[in-house]
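A quick write-up on the structure given underneath.
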Amino acid sequence: MKYLTSTILKFTGVLIAMSSRYDVVVVGAGIAGSYLAYLLSRLGIDVLLVDMKPFERVGDKPCGDAIGKHHFDELGVEYPKGNELEGIVRGIDVYSPYEDVKYRVLGDGFEVNRIAFTQRFVRKAVDNGVTYLEKTHALRPIISRGKVVGVTLWRRGQGSWNVNSSLLVDATGLSRAIIRHLPSEWPVSEKLDAKDINIAYREVRVLRKPIEEPEILRIYINKNVAPGGYWWLFPYSLSDNVVNVGLGVQGGMGYPNPKDLLYEHVLKREVFEGSKVVEAGGAPLPTRRALASLVWHGIAAVGDAAFTANPIHGGGKGSAMISSYCLAKAIERALKTGELTLENLWWANICYNERYGVKQAVLDLFRRFLQRLSNEDLEYGMKRRLIREEDLNVLSLKGDLELSVVEKAMRLLAGLGRPSLLLRLRSVAKFMDRIKSYYRSYPEKPEMIYEWIRGLNRIYEEFEEKALK
Ligand SMILES: Cc1cc2nc3c(=O)[nH]c(=O)nc-3n(C[C@H](O)[C@H](O)[C@H](O)COP(=O)(O)OP(=O)(O)OC[C@H]3O[C@@H](n4cnc5c(N)ncnc54)[C@H](O)[C@@H]3O)c2cc1C
């Protein structure tokens with residue numbers, strides 16, 4: 001690591017020399033930023049990681065704490081263990097609005113201690129030579145000649161100062177503290193529609209009695225209780241009687257506050273009687289397709305800042321890590337052939353789309369469809385097994401809803417009511433297929449991205465017109 005010392009700062013007892021220039025500056029040490037910094041630390045380049053929180057609170061964002069095991073396997077990340085692990089997951093039960101029907105979707109995963117898990121990567125990054133600054137705010141990007149060239153940082157007692165970078169990464173979650181200052185025509189600064197947000201609130205509670213099957217997570221879909229979202233009960237199977245219970249509602253619709261809904265409809269259930277609150281808090285999360293490009297001139301975005309969460313269930317940690325993985329790989333490739341230019345980093349988009357982005361775009365359509373269904377439609381659909389457990393599994397893992405599955409259901413259910421629901425589902429499945437094909441034409445070079453985005457937006461508009469009305 002090279003040091004062009006301008007400042008001396010203290011982190012966990014170690015004196016850190018601060019340079020005024022880094023190859024990559026990562027703003028935000030949530031799971032996306034920490035994992036990225038760790039991956040970059042293995043490349044032997046100068047990396048600065050900053051977060052406004054103190055180190056002890058890094059990773060401390062309200063969460064359901066569930067992560068699928070497949071994410072760890074795909075990325076080659078060591079499973080959580082010891083103090084990083086709160087529970088083992090074997091599957092999810094999804095309940096219909098009137099709780100008459102339950103789908104059990106089997107799949108392994110973990111309930112993580114999100115703070116210990118995130119800190120794993122910060123520690124490893126620092127061990128490998130990354131400069132880490134806690135309690136440091138990024139104020140704004142520095143732009144020169146159509147390119148981001150650095151960032152202005154601020155620290156209490158120290159004031160503000162500038163740091164130059166070849167690449168600045170916004171990993172600040174939904175605050176999007178960097179990219180929201182960029183010119184609106186840059187694809188990375190695309191605005192987030194309030195309806196594409198889910199506002200979620202959760203509590204960690206100790207129950208009086210053990211819960212049955214603590215390795216099964218529970219999701220309840222009910223429009224009256226959680227409009228445009230769902231409520232959940234995720235047991236921490238390794239801690240006595242501890243559960244994570246929360247509720248999310250769609251934003252921009254004027255729905256009631258999720259905390260009020262949780263108290264009014266969920267926490268009055270017998271299972272929560274006499275339970276004690278250990279932690280409480282809420283936050284918004286994105287539920288749409290990812291940014292059309294994770295990179296632009298001198299800038300990149302990962303994690304929630306790039307809208308990488310799953311549009312249906314809102315899980316965002318695994319996919320945030322995928323975006324960081326793709327960006328780190330793109331940086332590695334770029335440095336082999338030259339510099340961190342937009343053209344050289346474009347591969348991050350190809351990688352992310354292949355691993356998660358296409359599925360997200362497909363699920364974005366399905367989410368819009370689901371959010372418009374009534375409780376009766378949902379109850380009917382689940383009771384008649386319009387989409388079965390195994391289809392749900394494929395849908396959630398791959399983003400595939402085979403038209404043949406829907407057409408088979410239509411044949412089986414002909415004459416059994418709700419023809420308009422069946423027709424709408426067929427139309428949705430067709431659009432899901434279409435969006436998937438459209439992503440195959442994702443540009444190999446940045447120049448064509450504006451035209452591609454126009455085409456994508458046209459499909460979404462047509463979908464709203466034809467499939468949802
Ligand atoms: C209630 C709830 C439940 C959820 N449940 C799950 C779940 O069960 N499983 C799952 O996988 N996902 C879940 N998610 C989503 C998941 O929490 C997010 O997708 C994930 O944490 C995003 O990580 P991130 O690193 O992109 O952003 P964040 O975790 O938001 O991290 C951003 C970091 O940037 C820092 N920062 C912000 N602004 C600045 C600035 N100006 N200067 C310096 N630092 C800054 C913040 O301090 C923070 O540390 C849930 C979300 C919510 C709200």
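Counting starts at 1 for both ligands and their atoms, in listed order. All heavy atoms count here, side chains included; hydrogens, waters and symmetry mates do not. FYI, the numbering just counts along the sequence from 1.
Scanning the protein heavy atoms around atom 10 (C) of ligand 1, the nearest turns out to be G316 N, 3.3 Å. If you check which protein heavy atom lies closest to atom 50 (C) of ligand 1, you get C63 SG, 3.9 Å. Residue, atom and distance of the protein heavy atom nearest to atom 53 (C) of ligand 1 are A283 O, 3.3 Å. Of all protein heavy atoms, the one lying nearest to atom 29 (O) of ligand 1 is K61 CD, 3.3 Å. The protein heavy-atom contact nearest to atom 35 (C) of ligand 1 is D51 OD2, 3.2 Å. Here the heavy atom of the protein found nearest to atom 42 (N) of ligand 1 is A138 N, 2.9 Å. Atom 4 (C) of ligand 1 has G64 N, 3.2 Å as its closest protein atom, hydrogens excluded (heavy atom only). Ranking the protein heavy atoms by distance from atom 15 (C) of ligand 1 puts G314 O, 3.6 Å first.
Considering each of K135, M52, K53, the one bringing a non-hydrogen atom nearest atom 43 (C) of ligand 1 is M52. Distances from atom 27 (O) of ligand 1 to the heavy atoms of P284, A301, G173, G318 put G173 nearest. The closest non-hydrogen atom to atom 9 (N) of ligand 1, taken over G30, A66, A177, G315, comes from A66.
Taking a cut-off of under 4.0 Å to the non-hydrogen atoms of G28, the atoms of ligand 1 that pass are 33 (C), 34 (O), 35 (C). Within the listing of ligand 1, atoms 42 (N) sit less than 4.0 angstrom from a heavy atom of H137. In summary, the atoms of ligand 1 found under 4.0 Å from a heavy atom of G303, numbered by their order in the structure, are 26 (O). Applying the 4.0 Å criterion to heavy atoms of A200 picks out, from ligand 1, the atoms 1 (C). Atoms of ligand 1 found under 4.0 Å from any heavy atom of L285 (numbered from 1 in listed order, with element): 51 (C), 52 (C), 53 (C).
The part of T136 lying near ligand 1 is the backbone, judged by heavy-atom distances below 4.0 Å. Counting heavy atoms under 4.0 Å from ligand 1, residue S175 touches it through the side chain alone. The side chain of V27, and not its backbone, has at least one atom closer than 4.0 Å to an atom of ligand 1 (non-hydrogen atoms only; side chain from C-beta on). If you look at A171 next to ligand 1, the close heavy atoms, those under 4.0 Å, all belong to the backbone.
No hydrogens or angles considered: nothing links the side chains of Y442 and E354 as a donor-acceptor pair under 3.5 Å. Using modelled atom types and a 3.5 Å distance limit, the side chains of S166 and R21 yield a donor-acceptor pair.
A heavy-atom distance below 4.5 Å is found between the side chains of V245 and L267. Here the side chains of L342 and V295 are in contact, with some heavy-atom distance below 4.5 Å.
Atom-to-atom distance recorded for I219:CD1 and I92:CD1 is 5.0 Å, nearest 0.5 angstrom. We find the CZ-CG distance between R140 and N162 to be 8.5 Å, quoted to the nearest 0.5 Å. Distance CZ/R155 to OG1/T136: 4.0 Å, rounded to 0.5 Å.
Residues in residues 168-214 take part in no disulfide (SG to SG under 2.5 Å) pair, two or more places apart or across chains. Sorted by first and then second residue, the pairs that involve residues 250-332 and meet disulfide (SG to SG under 2.5 Å), not counting sequence neighbours, are C326-C351.
For the pair D304 and ligand 1, the shortest N or O to N or O distance falls below 3.5 Å. Polar contact with ligand 1: present for I31 (N/O pair, distance under 3.5 Å). Residue contacts with ligand 1: A32 is placed with a nitrogen or oxygen under 3.5 Å of a nitrogen or oxygen of the ligand (distance criterion only). In terms of polar-atom proximity, defined here as any N/O pair under 3.5 Å, R202 makes no such contact with ligand 1. Inclusion of D65 in the set of residues having an N or O under 3.5 Å from an N or O of ligand 1 is warranted.
In this pair, W296 and W186 present their aromatic rings tilted. The plane angle is within the 30 to 60° band.
At a threshold of 4.0 Å, the pair E185-K191 does not count as salt-bridged, since none of the basic side-chain nitrogens sits closer than that to a carboxylate oxygen. One finds no salt bridge joining K53 and E56 here, because no Lys/Arg side-chain nitrogen approaches an Asp/Glu carboxylate oxygen to under 4.0 Å.
Remark: R372 fails to qualify as a cation-pi partner of F366 under the 6.0 Å distance and 45° angle criteria applied to the six-membered ring.
Each of S293, S319, S324 was checked for a side chain to side chain contact (heavy atoms under 4.5 Å, CB included) with Y352, and the lone residue meeting it is S319.
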I would like to know whether Y230 and Y220 meet ring pair (Phe, Tyr, Trp, His ring centres under 6.0 Å); could you show each step before the answer? CA-CA 6 Å; Y230 61 85; Y220 297 80; 9.7 Å; no

